[in-house]
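Just so it is clear, the structure is predicted and the values come from calculations on it, not from any experiment.
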Amino acid sequence: MAERSETESRKLLGRLREAMAEDSAGQARLDKIVHLIANSMGTEVCSIYLFRDEETLELCATEGLNSESVHQTRLRMGEGLVGRVAKYSRIINTDNAPSTKGFRFMPETGEESFTSFCGVPIQRLGEKLGVLVVQSKDTRDYSADEIYALEVVAMVLAEMTELGAFIGEGAALSARHQQSVMFKGACAQEGAAEGNVWLHEPRVVVTNPIADDPEAELNRLNEAVDQLRIGVDRMLEGAQGGDKEQLQVLETYRMFANSKGWMRRMEQDIAQGLSAEAAVEKEQSTARARMSQAQDAYLRDRLHDLDDLSNRLLRILTGQGQTSSADLPANPILVARNIGPAELLEYGRGLKGIVLEEGSVGSHATIVARALAIPLVIHAERITTEALNGDQIMVDGDLGRVHLRPDESIVTAFRDKIAMQAKAQERYSSIRDKPAETPDGAIVELHMNAGLMADLPSLPTSGAEGVGLFRTELQFLIRNKMPQRTELAALYSRVMDAAGGMRVVFRTLDIGSDKVLPYMTPHDEPNPAMGWRAIRVGLDKPGVMRMQLQALIRAANGRALTVMFPFVAQYEEYRAAKAEMDKAMERERILGHPLPASLEIGAMLETPSLAFAPQQFFEDVGFLSIGGNDLKQFFFAADRENERVRRRYDTLNVSFLTFLEGIVERCHVTNTPLSFCGEDAGRPIEALCLAAIGMRTLSMRPASIGPVKSLLRRTNLSELKEVIHAAREHGEQSVRPAVMDFLRTQS
């Protein structure tokens with residue numbers, strides 16, 4: 001770019017900084033800025049449109065258009081050329097605006113005499129803030145140098161908006177990060193919590209977007225990049241010989257850190273007048289915008305790598321984000337794009353809630369959140385760009401909603417809900433030591449699910465009669481290498497000690513699908529939930545299974561042991577897994593180690609195929625546990641990660657209940673112990689119906705035991721079973737309405 005245009009750009013940015021420094025209201029600043037830009041670029045019109053809400057742009061300042069249209073002219077996202085710039089985060093540069101696709105004439109602005117148009121998005125780290133527009137009467141294409149200068153100015157406008165430079169009257173000029181916002185996400189762990197935001201990766205705020213001395217800024221950038229490169233090289237050295245995928249990510253980091261194109265663009269931005277950190281953030285915002293539009297998964301991942309690397313560079317330049325868990329606010333609620341299980345465990349039970357922009361209902365973070373009994377909402381889009389550390393936040397894990405900086409009415413209603421839940425828990429404590437016995441004499445055993453040692457202290461106080469499912473994969477997921485047999489044996493022994501003689505059902509390693517071990521080579525599968533996972537991995541790679549089975553036998557040390565194999569789809573798989581247990585027992589006997597006093601071997605029924613296994617399977621298996629979460633998604637062919645379909649199918653659907661009744665009947669004929677494990681077991685209405693069709697053991701999260709037991713003790717199951725069968729005979733799709741009507745008559 002010519003030195004002249006660079007100088008003009010720096011002059012314009014210098015004037016913008018003066019306008020920002022003046023003690024004037026937001027509107028006055030905006031008015032001065034559009035005047036400065038129009039004069040500098042020699043255009044008749046310069047306008048700034050800002051968002052008043054997520055879907056509506058408002059003309060907030062103009063030089064050249066009708067001044068009466070300011071704060072009156074509004075456009076929907078995608079409407080007109082301005083709306084299209086905002087929607088697609090793309091520049092529109094045309095010498096004939098009326099003939100350009102998407103053009104919409106706005107007569108109140110008086111723009112009919114202006115032919116040429118150039119619109120540039122005002123955005124910050126993927127967040128759409130508005131549109132900067134210049135227009136001229138002449139038929140002209142704005143040059144590449146002019147467009148580049150507008151991009152630099154738009155970057156500064158985005159930072160000024162973030163810093164509150166344009167606060168004034170009306171929604172479009174309202175203070176950012178002060179308004180009450182509600183996010184609709186998805187429930188991954190139920191419960192409600194109130195607290196203060198703690199950002200896992202605090203957002204860097206650029207307070208000095210404009211710089212006077214390009215040479216000094218270039219030196220700062222080069223020093224920071226050198227520091228970044230040294231850090232990436234050290235990470236690469238430490239990862240040698242480890243996970244190949246991690247090495248690939250770090251190699252990509254090094255490639256970007258040494259990218260001449262990336263450096264050249266940032267140097268060019270600095271030459272135009274930006275500070276070093278503003279130049280980094282400008283390129284990061286461009287990458288974020290491309291990331292949101294990218295269809296190719298590989299390209300999205302690479303842009304994500306560049307985004308992460310930019311964050312590291314910004315922290316080096318600004319010194320921001322160097323916080324630790326010691327800085328946590330009171331009642332912290334963690335807010336992050338995503339988080340790994342080890343990082344989440346480092347926070348521990350001090351967290352009151354978790355909100356993620358990404359995540360999934362079966363992810364590692366979800367498993368840990370459930371183990372820690374922390375409310376978790378996932379898919380809360382844009383919360384990391386909206387939230388600030390310390391902001392008041394309320395998490396409703398039951399509905400999958402998050403209230404950020406809530407107003408007084410929401411606070412009151414939310415606190416009432418928490419108070420009601422606390423009173424209910426007090427009532428449940430009075431029946432903690434009583435059996436879940438129904439008025440007609442049916443007794444239902446209620447067990448708890450667990451996956452961490454941290455879960456076990458709640459066993460005596462929960463009212464659970466044992467651990468119906470202990471997930472063993474967490475100990476594998478949170479490590480960077482395979483755990484040793486002695487480590488696992490010691491852990492499993494502590495679990496059995498903490499259970500105090502109560503039955504603990506250890507589920508063998510359930511990996512694959514969305515649970516990939518960091519030190520195992522990932523397999524690119526089109527549908528991993530139905531791919532190489534759980535027992536299939538164990539049988540194909542028996543070394544890990546044998547090591548885990550030996551660890552369990554040694555942990556029992558002469559006590560009773562109960563082991564369950566996950567995702568068994570056919571009898572042959574169960575026989576093969578049981579044979580591995582027989583080999584492990586024989587090996588331990590030869591080594592002279594004490595064998596379990598008794599050994600129960602069971603299987604999880606998570607695929608419809610196993611319900612139709614030969615009679616001999618039901619006679620052979622020690623016990624069966626229905627894995628409701630997976631079974632339901634396969635029964636309905638509805639991916640439980642897909643919000644569009646997973647909520648369409650009700651557990652109380654007649655077809656599904658009929659299918660479950662068939663399993664209950666087969667187990668009754670062979671006298672095979674049967675339990676139901678999954679989220680539905682902990683939902684009182686669903687649990688009640690499962691008990692009514694014959695399930696006599698349910699396993700759930702500890703907090704659900706009280707509500708489920710309370711309802712069971714008040715409901716006649718034989719009468720409820722008649723209601724369920726009557727709804728089926730009447731051709732109802734779901735028995736839920738009939739069940740709810742029945743329960744209302746009982747209260």
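- In this structure, Ser310 OG and Leu228 CG are separated by 9.0 Å, a value rounded to the nearest 0.5 Å.
- Heavy atoms only, all atoms of each residue included: Thr62 and Val34 are closest at C-CG2, 3.7 Å.
- Inspection of the Glu108 and Thr73 side chains reveals an N or O donor paired with an N or O acceptor under 3.5 Å.
- Looking at Thr56, its side chain never comes within 3.5 Å of a backbone N or O of Asp53 through a donor-acceptor pair.
- Between Pro375 and Ala193, the shortest heavy-atom contact is CG-CB, 4.1 Å.
- With salt bridges taken as basic N to acidic carboxylate O contacts below 4.0 Å, none links Glu194 and Lys352.
- Residues Thr94 and Thr100 bring a donor and an acceptor atom of their side chains to less than 3.5 Å of each other.
- Sparse packing is recorded around NZ of Lys137, with 12 or fewer heavy atoms of other residues, nucleotides or ligands lying under 6.0 Å away.
- Panel note: side chain Glu283, backbone Trp262; no donor-acceptor pair is recorded below 3.5 Å.
- Of the possible donor and acceptor atoms, one in the side chain of Asp398 sits under 3.5 Å from a partner among the backbone N and O of Gly191.
- A salt bridge is absent between Lys87 and Glu79; no separation between the charged side-chain nitrogens and carboxylate oxygens falls under 4.0 Å.
- For the residue pair Ile333 and Gly195, the shortest heavy atom distance occurs at CD1-N, 3.5 Å.
- Atom CD of Glu54 has 12 or fewer heavy atoms from other residues, nucleotides or ligands within 6.0 Å.
- Taking both residues in full, the closest heavy atoms of Ala38 and Glu63 are given as CB-CG, 3.8 Å, listed atom of the first, atom of the second, then distance.
- Considering only heavy atoms from C-beta on, Leu274 comes within 4.5 Å of Val156 through its side chain.
- Between Thr384 and Glu357, the side chains place a donor N or O and an acceptor N or O closer than 3.5 Å (distance only, hydrogens not considered).
- Listed for the Gln27 side chain is a donor-acceptor partner under 3.5 Å among the backbone atoms of Cys60.
- In this structure, Phe166 and Ile48 have side chains that are not in contact, with every pair of non-hydrogen atoms separated by 4.5 Å or more.
- Side-chain atoms of Glu112 and Pro107, non-hydrogen and from C-beta on, never get closer than 4.5 Å to each other.
- Side-chain contact, Ser69 with Asn66: no donor N or O sits under 3.5 Å from an acceptor N or O.
- Proximity of a side-chain donor or acceptor of Ser40 to a complementary backbone N or O of Leu36 within less than 3.5 Å is not detected.
- Between the side chain of Asn338 and the backbone N or O of Glu358, no donor-acceptor pair lies under 3.5 Å.
- Checked options Leu317, Val280, Leu313; the residue passing with Val225 is Leu313 (criterion: side chain to side chain contact (heavy atoms under 4.5 Å, CB included)).
- Of the charged side-chain nitrogens involved, at least one lies within less than 4.0 Å of a carboxylate oxygen, so that Arg405 and Glu386 count as a salt-bridged pair.
- In summary, the side chains of Asn39 and His35 do present a donor paired with an acceptor at a separation below 3.5 Å, with no hydrogens or angles considered.
- When the options Val395, Ile354, Val355 are evaluated for a side chain to side chain contact (heavy atoms under 4.5 Å, CB included) with Leu376, the one that passes is Ile354.
- Within the 3.5 Å criterion, the main-chain N or O of Asp138 finds a donor-acceptor partner in the side chain of Ser116.
- Between the side chains of Ser409 and Asp407, at least one donor-acceptor pair of N or O atoms lies under 3.5 Å.
- Ion pairing between Arg220 and Glu217 holds under the 4.0 Å rule for side-chain N and carboxylate O.
- The two atoms that bring Cys118 and Ile147 nearest to each other are SG-CG1, 4.0 Å, heavy atoms only.
- With hydrogens and angles ignored, the 3.5 Å screen pairs a side-chain donor or acceptor of Asn389 with a backbone N or O of Leu199.
- Of all non-hydrogen atoms in Ser180 and Ile410, the two that sit nearest each other are OG-CD1, 4.4 Å.
- Atom CD in Glu111 sits 9.0 Å away from atom CZ in Arg104 (nearest 0.5 Å).
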Show the atom names and distances, to 0.1 Å, of all donor-acceptor pairs under 3.5 Å that link a side chain in residues 182-190 to residues at least two apart or in another chain.
from	atom 1	to	atom 2	distance (Å)
Glu190	OE1	Arg701	NH2	3.3
Glu190	OE2	Arg683	NE	3.1
Glu190	OE2	Arg683	NH2	3.4

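- Listed for the Tyr148 side chain is no donor-acceptor partner under 3.5 Å among the backbone atoms of Ser143.
- Counted by atom type alone, Asn219 and Glu215 present zero donor-acceptor pairs between their side chains at under 3.5 Å.
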